[in-house]
Protein chains: 2
Amino acid sequence: MKLISDNLLPDVMERIRSVQRQLKNDSIDAILVGSNANIYYTTSRFFRGYVFIPVSGTPVWFVIKPNVFEEEDNVVYIRKPEMIPAKLTEAGISLPAIIGYEEDALSYSDVRRLQAVFPQAEYRNASPALRKARMIKTEWELARMREDGVHQSEAYRKVTHCYKENMTDLEFQIEIERILRLEGNLGFIRTSGNLMEINMGSVIAGDNADVPGPYDFTMGGAGVDPSLPGGANGTTMKRGETVMVDMSGSFNGYQTDMTRVWRIGSIPELAYKAHECSRSILRECEKMGVPGTKVSALYDKAIEIACGEGFDRYFMGHRQQAPFIGHGIGIELNELPVVNSKSRDVLEENMTLALEPKFVIPGVGAVGVENTYVVTPEGLRALTVFPEEIQEL
Amino acid sequence: MKLISDNLLPDVMERIRSVQRQLKNDSIDAILVGSNANIYYTTSRFFRGYVFIPVSGTPVWFVIKPNVFEEEDNVVYIRKPEMIPAKLTEAGISLPAIIGYEEDALSYSDVRRLQAVFPQAEYRNASPALRKARMIKTEWELARMREDGVHQSEAYRKVTHCYKENMTDLEFQIEIERILRLEGNLGFIRTSGNLMEINMGSVIAGDNADVPGPYDFTMGGAGVDPSLPGGANGTTMKRGETVMVDMSGSFNGYQTDMTRVWRIGSIPELAYKAHECSRSILRECEKMGVPGTKVSALYDKAIEIACGEGFDRYFMGHRQQAPFIGHGIGIELNELPVVNSKSRDVLEENMTLALEPKFVIPGVGAVGVENTYVVTPEGLRALTVFPEEIQEL
């Protein structure tokens, strides 16, 4: 096994260095990465196996399958993780005294097994280190997300054409899914943890927006089956309703998140006002969102504006209200930071986040805009550039 | 909190009793179920929270959200799991001395947190008990899976009409996805563990079938992005190739799994022969598959037939071969039993499994049939009834 890094994408090495800085902060000698999202983050590839990242030096890929890599450089084939220490020793790499595992991302059984792989080592939770590194995107990652934003907008441009009178919300969603897929959407949304399950996104029409959900999404919806209670419920869309479209922006290993609202016929003034309130919140957050701003300040500002306009009981839901207005986003839909009142995170340059101040107006539906942003010295810059006004179907 | 079970679906109580029998076997006093699939299994609903199942008596649902249940009977609202012991004591339910957690399904951090909820209790891994209970389906569960089979077949009937000359495999898949969704497919495949990531299924044409994958699927395929390496790769489908369609049968909380093969123009005799070999394997397994048969015997028989016909190097892949020919299926795509040589499981009545003896013929593509079966005293009965011959596009 030769250890050279020349064949790694320079951007991958930048991500590795970012992880290594976090490991140093957390006094961890090495991590053994095993979750799908973090294998992709630390290699820009996906394989079954583990990525061994020492606090300094070059990572080693321990691959179980597929059998397509050249076994050289930093790639070592193994049948099982128990083979790793011997392979490291063989390569002259010292075994870590303190090892990190992804305690938040891997199952209890998987972590217990990995703990036994390095029985002499102390172990720590390395999930926070990886989450913190991933929060700030590299140039290559930002380029992927800009690409996502362009494709997602291109697909949203065709949303109006997907509509036919007397369609159900689900039929409408299915046509949007097809448009997204033809635009290159992978049809799969990576999420972290077990509080999110979703197909290609959410289309919510009328009062279905007021059905509380079990998941950590801002909006609920009944869904069409009790096993997956969220989003479209299969009822015919009617005049006087809004239709909120919050569909997947996953066109590569990264993703953007964008919500826009359509209407059928005319809707009450209240709905327009709440929608404009969402846009005012976004404009304020865009200005405030420079490096150094507290994430919680964005949330507080949103609450201040929404309550100031008297929309308290519609903000972030009506029968059930979500306690956050946005979230980090990248490889997974729900990354750090969480934009809520309790956040201790501070904005940094090249952090990406989706902001989605939304309102549920009983008898009408959901309104509000969601954009995905990157933090710049001039404030938040949108990656999802698409008209924000309520459009007619 | 009143504890009555009258309002629970009788079938749910049958599943609970099945879990309780497993708990008794494993000497576990109670389990605290927290994974999405098992909350659905033990309630036929989905909520964020926990299901407390004592080894005898009625389960209690500890619900965090949504706020839609009546707090009475067996439903108790909590903000966090730490509130559970006090609520149990309040209801006169004794705290378990030995408690089970889903160590294979929940993250290390989640299980550690739950262990602290019952600090006096010994803890055990309850994942095996739940997996074993779920392996044998109730009548209600079988009815859901029969429903899935009917819908999936109905959609597969339209597959031929999805094809247009010079289409890419991905364009073809997108039209099949739309047909499935219009037929009621939920567009989301629940899987267990982190060795499966997939959108609505897999369409593999020609030599893309010979690209090894990292996941625990029988077939690989390059996919269209390195972040999700599986299935269609976006190339134009050509004459002389087979197209294997293995798309989702998830129409309710359960699912069926079915694979059929189409061809473009004429394909070599070898491909037909291998396809017929797959059908012979299925016919043999159907006969053998009575209660009491070892699962490993199905695998051994498949190997015997495939090798006997000289197809060893094409069976279950070519550049990379999968070490199993089938899997249990139900709420999740990959349930017990795993149909491989090492299996110690024995077939029982009302067990469901998908068998997929497949071959990859270099230069042509993948062939073979997959059906989902239920074990009956007369052998395996297919839930996926659809012509098995290779059809022309």
Side-chain angles (χ1 to χ4, degrees), chain A residues 34-36 40 44-49 64-68 101-112 125 127 170-171 174-175 177-178 181-182 184 186-188 190 193-195 197-200 211-216 220 223-229 251-254 319-320 331, chain B residues 34-36 40 44-49 64-68 101-112 125 127 170-171 174-175 177-178 181-182 184 186-188 190 193-195 197-200 211-216 220 223-229 251-254 319-320 331:
Chain A
S35 75
N36 297 359
Y40 182 68
S44 276
R45 296 289 297 259
F46 183 69
F47 53 84
R48 181 175 163 197
I64 295 175
K65 61 187 277 202
N67 56 7
V68 296
Y101 299 114
E102 295 159 274
E103 297 186 358
D104 302 346
L106 296 184
S107 75
Y108 184 86
S109 301
D110 284 346
V111 171
R112 291 292 289 164
N125 187 3
S127 287
L170 184 62
E171 288 165 346
I174 293 169
E175 300 309 322
E177 287 174 0
R178 179 171 172 274
R181 290 284 277 145
L182 289 172
L186 299 179
F188 175 76
R190 270 210 184 87
N194 67 352
L195 303 180
E197 291 182 308
I198 193 163
N199 46 37
M200 277 189 65
V211 176
Y215 297 111
D216 260 3
V224 289
D225 191 87
S227 65
L228 194 68
F251 294 86
N252 44 52
Y254 293 77
R319 284 174 60 197
Q320 180 174 277
I331 295 174
Chain B
S35 75
N36 296 359
Y40 182 67
S44 276
R45 297 289 297 258
F46 183 68
F47 52 86
R48 181 174 164 197
I64 295 175
K65 61 188 271 203
N67 56 6
V68 296
Y101 300 114
E102 297 159 273
E103 297 186 358
D104 301 348
L106 296 184
S107 75
Y108 184 85
S109 301
D110 283 346
V111 171
R112 291 291 290 163
N125 186 3
S127 286
L170 183 62
E171 288 164 345
I174 292 169
E175 299 309 321
E177 288 174 1
R178 179 171 171 274
R181 289 284 276 147
L182 289 172
L186 299 179
F188 176 75
R190 271 211 183 85
N194 67 351
L195 301 180
E197 290 182 309
I198 194 163
N199 46 37
M200 276 188 64
V211 176
Y215 297 111
D216 260 3
V224 289
D225 190 88
S227 65
L228 193 68
F251 295 85
N252 45 53
Y254 293 78
R319 284 174 60 196
Q320 180 173 277
I331 295 173

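All chains are named by letter (A, B, ...) in the order of the sequence lines, taking the proteins before the strands, and each is independently numbered beginning at 1. All figures in this text were calculated on a predicted structure; none of them were measured in a lab.
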**Q** Mind checking what makes side-chain contact (heavy atoms from CB on, under 4.5 Å) contact with R45(A), not counting sequence neighbours?
**A** T43(A), W61(A), F69(A)

**Q** Restricting to side-chain contact (heavy atoms from CB on, under 4.5 Å), what partner residues turn up for E171(A), sequence neighbours left out?
**A** M167(A), T168(A), L182(B)

**Q** For I174(A), is it the side chain, the backbone, both, or neither that has a heavy atom closer than 4.5 Å to a heavy atom of chain B?
**A** side chain

**Q** Side chain, backbone, both or neither: which part of Y215(A) has an atom under 4.5 Å from a heavy atom of chain B?
**A**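 Both parts, heavy atoms under 4.5 Å.
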
**Q** At a heavy-atom distance under 4.5 Å, which candidate from L228(A), L170(A), V68(A) has the highest pair count against chain B?
**A**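 Most heavy-atom pairs under 4.5 Å with chain B: L228(A).
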
**Q** Verify side-chain contact (heavy atoms from CB on, under 4.5 Å) between I331(A) and Y40(A), making sure each step is shown before the conclusion.
**A** CA-CA 8 Å; I331(A) 295 174; Y40(A) 182 68; 3.8 Å; yes

**Q** Identify which of V224(B), L195(B), I64(B) forms the greatest number of heavy-atom pairs closer than 4.5 Å to chain A.
**A** L195(B)

**Q** Quick one: of P212(A), G184(A), S107(A), who has the most non-hydrogen atom pairs under 4.5 Å with chain B?
**A**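 Of P212(A), G184(A), S107(A), S107(A) has the most heavy-atom pairs under 4.5 Å with chain B.
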
**Q** Kindly indicate, with the supporting measurements, whether the criterion side-chain contact (heavy atoms from CB on, under 4.5 Å) is fulfilled by M200(A) and R181(A).
**A** CA-CA 10 Å; M200(A) 277 189 65; R181(A) 290 284 277 145; 3.9 Å; yes

**Q** Under the side-chain contact (heavy atoms from CB on, under 4.5 Å) rule, what do D216(A) and K65(B) come out as? Steps first, then yes or no, please.
**A** CA-CA 10 Å; D216(A) 260 3; K65(B) 61 188 271 203; 4.1 Å; yes

**Q** Counting heavy-atom pairs under 4.5 Å with chain A, which one of E102(B), E175(B), R319(B), R112(B) comes out on top?
**A** E175(B)

**Q** For the candidates G213(A), A105(A), S44(A), G193(A), which exhibits the highest count of non-hydrogen atom pairs separated by less than 4.5 Å from chain B?
**A**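 Top option by heavy-atom pairs under 4.5 Å: G213(A).
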
**Q** In terms of heavy-atom proximity below 4.5 Å to chain B, should S127(A) be classed as side chain, backbone, both, or neither?
**A** neither

**Q** Measuring from atom CG of D104(B) to atom OH of Y108(A), what distance do you get when rounded to the nearest 0.5 angstrom?
**A** 11.5 Å

**Q** Out of R190(A), E197(A), E177(A), which one racks up the most heavy-atom pairs below 4.5 Å with chain B?
**A** E197(A)

**Q** Tell me the closest heavy-atom pair linking N199(A) and L186(B), and the distance in Å.
**A** ND2-O, 2.8 Å

**Q** Using a cut-off of under 4.5 Å for heavy-atom pairs, which of N125(B), D110(B), I198(B) has the most such pairs with chain A?
**A** I198(B)

